[in-house]
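Heads up, the thing below is written out as structure tokens.
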2 protein chains.
Amino acid sequence: MSTPLTAEMFDDPDCSDRAQPFRVGEKWTGVVLRCLEGGPRRFSELRVPLHWITPKVLTETLRSMERNGFLTRTVHDENPPRVEYELTALGRSLLGPLDAACDWARVHLPEVVEARTAYETG
Amino acid sequence: MSTPLTAEMFDDPDCSDRAQPFRVGEKWTGVVLRCLEGGPRRFSELRVPLHWITPKVLTETLRSMERNGFLTRTVHDENPPRVEYELTALGRSLLGPLDAACDWARVHLPEVVEARTAYETG
DNA sequence: CGGCATCCTCCTAGATACTG
DNA sequence: CAGTATCTAGGAGGATGCCG
């Protein structure tokens with residue numbers, strides 16, 4: 001079992017969606033990739049790091065990723081129901097370029113902030 | 001002088017915006033980066049590979065990139081007026097991660113297409 | 001040529017409420 | 001628990017027309 005996900009884990013301004021000019025697919029896809037990097041996760045579990053994203057939006061995101069072959073959806077026949085999402089090999093292959101984007105942000109984001117300030121000033 | 005830009009040059013399905021799940025900033029930023037990779041370009045020149053994007057949208061894109069420090073806008077005092085856009089060092093630094101995204105698409109896009117087909121079939 | 005001003009449309013995200 | 005069903009708001013993208 002891996003450690004539970006928290007909102008703070010993905011609040012890193014260097015890699016959050018808001019902070020970087022790169023996006024993978026729609027708004028939440030990149031963060032979901034990060035969330036599933038360490039192994040399968042349940043629906044409700046994913047809502048936490050996504051700042052209590054509404055179920056509708058999370059479902060849309062996950063269905064889209066499933067459709068693209070980035071993850072699998074497994075329904076365990078239990079009570080209460082349990083559904084787990086897990087990255088496929090194709091989904092994992094996205095982590096490389098995603099890292100490249102995060103690395104860029106880590107290095108160059110200060111320059112962007114500086115450029116914006118300069119633009120507004122002058 | 002570099003070769004003129006054409007629409008076909010950026011129609012490569014491997015690297016077009018439509019085809020890949022990666023996006024840099026808003027819709028057209030990635031393609032503009034590619035367009036300016038080989039040197040400065042004029043406003044009208046940029047409209048060609050962007051499929052005759054409307055001036056309003058191109059202006060928005062360029063202003064946003066200028067604001068972020070990705071490119072510079074130079075007005076040459078001539079008649080008729082000439083305005084050139086050129087990548088900054090910061091803008092060029094984006095080409096690395098952009099290449100990573102394009103490389104990913106080149107390799108894995110067929111898998112995505114296959115996954116989508118399989119999803120719809122079954 | 002290189003824009004700006006208006007208006008319009010679609011799509012995404014979110015809020016809210018309900019269900020097997 | 002893991003969703004579905006509606007509705008709404010906001011912003012991005014685009015069409016059109018005018019201007020220095």
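Letters A, B, ... are given to chains in the order of the sequence lines, protein chains preceding strands, and every chain is numbered from 1. Remember, predicted model here, so these are calculated numbers, not experimental data.
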Q: Starting from C1' on dG3(D), measure out to CZ on R82(A) and report it in whole angstrom.
A: 17 Å
**Q.** Interatomic distance, E78(A) CD vs dG3(D) P [rounded to whole Å]
**A.** 14 Å
Q: Can you tell me the distance, in whole Å, between the CG atom of L58(B) and the C1' atom of dA12(D)?
A: 15 Å
Q: Measure from the side-chain heavy atoms of P55(B) and tell me the nearest of dC1(C), dG3(C), dT4(D).
A: dG3(C)
Q) Nearest-Å distance, CZ (R63(A)) to C1' (dA5(D))? A) 14 Å
Q: With heavy atoms under 4.0 Å as the rule, sort R47(A) into base, sugar-phosphate or nothing.
A: nothing
Q: Answer yes or no: side-chain N or O of K27(B) and base N or O of dG13(D) forming a donor-acceptor pair under 3.5 Å.
A: no
Q) Roughly how many Å is it from CD1 in I53(B) to P in dG2(C), rounded to a whole number? A) 15 Å
Q | Integer-rounded Å distance: dC1(C) P and L46(B) CG | A | 14 Å
Q: Just say parallel, tilted or perpendicular for the rings of F70(A) and W104(B), cut-offs at 30° and 60°.
A: perpendicular
Q) Is a side-chain donor or acceptor of R116(A) paired with a backbone partner of R67(B) at a separation under 3.5 angstrom? A) no
Q. To the nearest angstrom, how far is K56(A) atom NZ from dT6(D) atom C1'?
A. 9 Å
Q: Establish, with yes or no, whether the OP1 or OP2 oxygen of dC1(C) is under 4.0 angstrom from a side-chain nitrogen or oxygen of S44(B).
A: no
(Q) Let's see if you can work this out: which of dC1(D), dG3(D), dG2(C) has an atom nearest to the side-chain heavy atoms of F43(B)? (A) dG2(C)
**Q.** dC1(C) OP1/OP2 closer than 4.0 Å to side-chain N/O of R42(B)
**A.** no
(Q) Assuming nearest nucleotide by heavy-atom distance, tell me which of Y85(A) and W52(B) is located more 5' along DNA chain D. (A) Y85(A)
Q: Using modelled atom types only, decide if a donor and an acceptor are shared between the side chain of T117(B) and the backbone of V113(B) within a distance under 3.5 Å.
A: yes
Q. What's the closest nucleotide to the T54(B) side chain, out of dT4(D), dA15(D), dG2(C)?
A. dA15(D)
Q | Given DNA chain C, 5'-ward residue of the pair P81(A) and T61(A), judged by closest heavy atom | A | T61(A)
Q) Are V75(A) and L87(A) linked, directly or through other ILVMFWY residues, by side chains that come within less than 4.5 angstrom of each other? A) yes
Q) How close or far is atom C1' of dG20(C) from atom CG of D77(A), stated in whole angstroms? A) 13 Å
Q.
Just checking E37(A): does its CD atom have more than 12 heavy atoms from other residues, nucleotides or ligands closer to it than 6.0 angstrom?
A. yes
Q: Give one of base, sugar-phosphate or nothing for V57(A), where a contact means two heavy atoms less than 4.0 Å apart.
A: base
